[in-house]
Protein chains: 2
Amino acid sequence: MLTDADTAAPAVTLELIAREAGVSPSTVSRILNGTAKVSADKRLAVEQTIARFNFQPNAMARSLAKGQTYTIGVLTQFIESPFYGEALRGIEDALRRTPYSPLFVSGHWNLAEEEAKMRLLQGRRVDGVIVLTGRLGDEQLLDYAQRLPIVVTGRQLSGPRLASVDVDDFEGAREATRHLIELGHTRIAFISGPADHPDANERLRGYRQAHADAGLALVPELVVPADFMETGGMLAIGQLLESRQNFTAVFAANDQMAYGARLALYRRNLRVPDDISLVGYDDLPNSTYLMPPLTTVRQPVYEIGRLAAQAMLKLIAGESAEIAAPPLELVVRESTRRVRH
Amino acid sequence: MLTDADTAAPAVTLELIAREAGVSPSTVSRILNGTAKVSADKRLAVEQTIARFNFQPNAMARSLAKGQTYTIGVLTQFIESPFYGEALRGIEDALRRTPYSPLFVSGHWNLAEEEAKMRLLQGRRVDGVIVLTGRLGDEQLLDYAQRLPIVVTGRQLSGPRLASVDVDDFEGAREATRHLIELGHTRIAFISGPADHPDANERLRGYRQAHADAGLALVPELVVPADFMETGGMLAIGQLLESRQNFTAVFAANDQMAYGARLALYRRNLRVPDDISLVGYDDLPNSTYLMPPLTTVRQPVYEIGRLAAQAMLKLIAGESAEIAAPPLELVVRESTRRVRH
DNA sequence: CTGTTAGCGCGTTCAC
DNA sequence: GTGAACGCGCTAACAG
């Protein structure tokens, strides 16, 4: 049986460093944390042996002792999501040059899984958690906030140790629809998101409101439900066409569905924007490169991530935090044009 | 002096649970870990009070005591990357239902930053780290592997506590180029990646080899360097057109550049595939929805992530691990066609 | 300025 | 089966 004796790497610890440098552990700790003044010579000796052993303090032990982990949990929905990915980047950027680092976990739009992940984060004693939308209830969030700072996106909620950022999807969808109406479109199809998704409903409301604003009648058959995915967008176009309702424009409740719709239209030999104008929602990085470049509503996701992280830092510091909702913006590119008569 | 008495949330710990349940801390621990048999009644009492207090053991303390953190560091390049995102998903999936969870950090293709992140992971005492390509040197990796298990992608390397997965980019690029040649193309432009990127060079080699295989002359002006980004692809098309060299096909060293190239071609009124055939590399999720759907070389990134995580689990268990490179696959869609005479 | 002492919340011997 | 005692590596409070 092989023993560890051969490779006997005697776990380089703070105590080892102290011994080697001829000082006490406290002194090493003080140097590491800048907690107190230390004479130049001892500091030098310590720093040298730290370098010599390539010592890196054990974050677990430090956390245990300090009651703080310097990690911020981030509950996203899909780690590979092009949409939330931008928010993660914003969070990373905001945390750079702070002692905190993010711990990303995915909830997959599944309540049970989100709860499990919150439990995991709780076990890891994160100093706070940023919840990127998802299905956790308001009361649950309020409850979590009793024990640690929470920042949540995609809804409005506030309280002690709780901040939120939300964008006005109703207004965004209304503006996108208005854009189409101003171009002369009167029969505008809407590809909707899942009915149990909060954002989806707000966008549908905006679509309807824009019609009301313009005194335009709503055609129920022109509103088709889908799932926020590309394939859903494809299917929706098929359904729309089969309904034999005329329409000159399509507003998809998110860009991914717009991508699918775009392809389905192409398959039916319908040109965009010559035959059909197409509008998306989100402005994913790829939308600039769609053919033609997609007109869409830009969600400032990166900015939201950044603001959420900054707010979290304030909450952790014991301050209160309000986050001003960054504005949505209609980005008019080339997938929309004036309706042909 | 004011005490915490008012808000006195007396930190629910294992000891608290033990006291409330009328047993010793050891017993609670045993139940938590299934370390030993415990009488049914005590077990019940403990489980109830755990539920009552919603107790979640402190992972830091546990790690300290056990010398294991049950977390696997994952060094990716950009957390928001659509390419590596698939690998992250594969890792998540492979780790589900194991006691391990991933800790994602980004290196941004920057050696210094990757080193800093490795240091961070070391401080967090992760049980192993999966390195998704990046710029760390082979010797560095071998060195890290002296202290903890390492799995690295994008290169071939092995040793104790070290495993790697790599795909054969040379072969992939060769096959893609051959596909074009078989369609009758003889003047094929190549949009290359950064010269200091290992994958980029392999793909260039494959492009060249395919020409040699077919006895086709290489036209130096037809190879233009870019940066693996969409804008690089756009710029490259501009440069190609200005060179006044004829070409009937474009092979972009990755899909992102193919997207940019697609748009640039559209701007110049060049049709794909009627005027120009276009091939990418990677098969990003979006490539199915490009107009027209992009012919590309599918990289099994999700699978790579999964295999990497599984290998890591074996390494942690003290076993050795070999990872069979999953095969690349040319996905022929609609952006390529037989050359017109 | 610096060393000593006492935990932080767990897992783990070792006795009972 | 079960409890008491010790230690994981570090920070903090207390003396000097």
Side-chain angles (χ1 to χ4, degrees), chain A residues 4 9-47 49-50 53-71 99 120 122-127 147, chain B residues 1 4 9-47 49-50 53-71 99 122-127 147:
Chain A
D4 288 325
V12 23
T13 70
L14 182 149
E15 192 187 333
L16 199 233
I17 300 298
R19 202 179 322 126
E20 291 285 331
V23 300
S24 78
S26 329
T27 299
V28 177
S29 173
R30 285 191 264 258
I31 291 174
L32 251 22
N33 302 291
T35 311
K37 306 233 167 300
V38 172
S39 68
D41 54 333
K42 300 209 188 240
R43 149 166 277 119
L44 186 65
V46 169
E47 281 169 347
T49 79
I50 284 181
F53 285 88
N54 189 18
F55 169 66
Q56 193 70 23
N58 185 324
M60 306 294 125
R62 182 192 298 239
S63 299
L64 231 210
K66 300 203 28 151
Q68 253 202 300
T69 56
Y70 291 106
T71 109
L120 188 156
Q122 185 196 333
R124 285 231 178 341
R125 297 296 189 269
V126 296
D127 295 335
R147 322 209 106 274
Chain B
M1 178 64 186
D4 288 326
V12 23
T13 69
L14 182 151
E15 192 189 332
L16 197 233
I17 300 297
R19 203 179 320 129
E20 291 284 331
V23 301
S24 78
S26 326
T27 299
V28 178
S29 173
R30 286 192 261 259
I31 291 175
L32 252 22
N33 302 291
T35 311
K37 307 236 167 299
V38 172
S39 67
D41 54 334
K42 301 211 187 236
R43 149 166 279 117
L44 186 65
V46 169
E47 280 169 348
T49 80
I50 283 181
F53 285 88
N54 188 17
F55 170 64
Q56 193 69 24
N58 185 324
M60 307 294 127
R62 179 189 300 233
S63 301
L64 232 208
K66 300 206 25 153
Q68 252 202 303
T69 56
Y70 292 105
T71 110
Q122 185 195 334
R124 284 224 176 348
R125 296 296 188 270
V126 295
D127 295 334
R147 323 209 105 274

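Note that the structure is predicted; figures quoted are calculated from it, not measured. Naming convention: chains lettered A, B, ... in sequence-line order (proteins, then strands); numbering from 1 in each chain.
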(message) Each nucleotide in nucleotides 7-16 of chain D should get exactly one letter: B, S or -. Can you fill that in based on protein heavy atoms under 4.0 Å?
(response) BBBBSBB---

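Partners of B:Ala18 according to the side-chain contact (heavy atoms from CB on, under 4.5 Å) rule, which considers only residues two or more places apart in sequence or in another chain, are B:Val23, B:Pro25, B:Val28.
Here the closest non-hydrogen pair linking B:Val38 and B:Arg30 is CG2-CB, 4.2 Å. Shortest non-hydrogen contact noted between B:Thr69 and B:Val126 is OG1-CA, 3.5 Å. Nearest heavy-atom pair, A:Lys42 versus A:Ile31, reported as atom, atom and distance to 0.1 Å: O-CD1, 4.2 Å. Contact between B:Met60 and A:Met60 at its shortest, heavy atoms only, is SD-SD, 3.6 Å.
No side-chain donor-acceptor contact under 3.5 Å links B:Arg147 and A:Asn54.
Distances shown here put every side-chain N or O of A:Lys37 at or beyond 4.0 Å from the OP1 or OP2 atom of C:dT2.
Over its length, the helix from C:dC1-D:dG16 to C:dC16-D:dG1 turns its helix axis by 40°, as judged from the five terminal pairs at each end, rounded to 10°.
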(request) Check the pair A:Asp41 / A:Leu44 against side chain to side chain contact (heavy atoms under 4.5 Å, CB included), numbers first and verdict last. (result) CA-CA 5 Å; A:Asp41 54 333; A:Leu44 186 65; 5.7 Å; no

(message) With side chain to side chain contact (heavy atoms under 4.5 Å, CB included) as the criterion, how do A:Leu14 and A:Phe55 come out once you've worked through the C-alpha distance, each side chain's angles and the decisive distance to 0.1 Å?
(response) CA-CA 8 Å; A:Leu14 182 149; A:Phe55 169 66; 3.9 Å; yes

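What separates CD1 of B:Ile31 from P of C:dG11 is a distance of 12 Å, to the nearest Å. Atom P of nucleotide C:dC10 and atom CZ of A:Arg124 are separated by 14 Å, given to the nearest angstrom.
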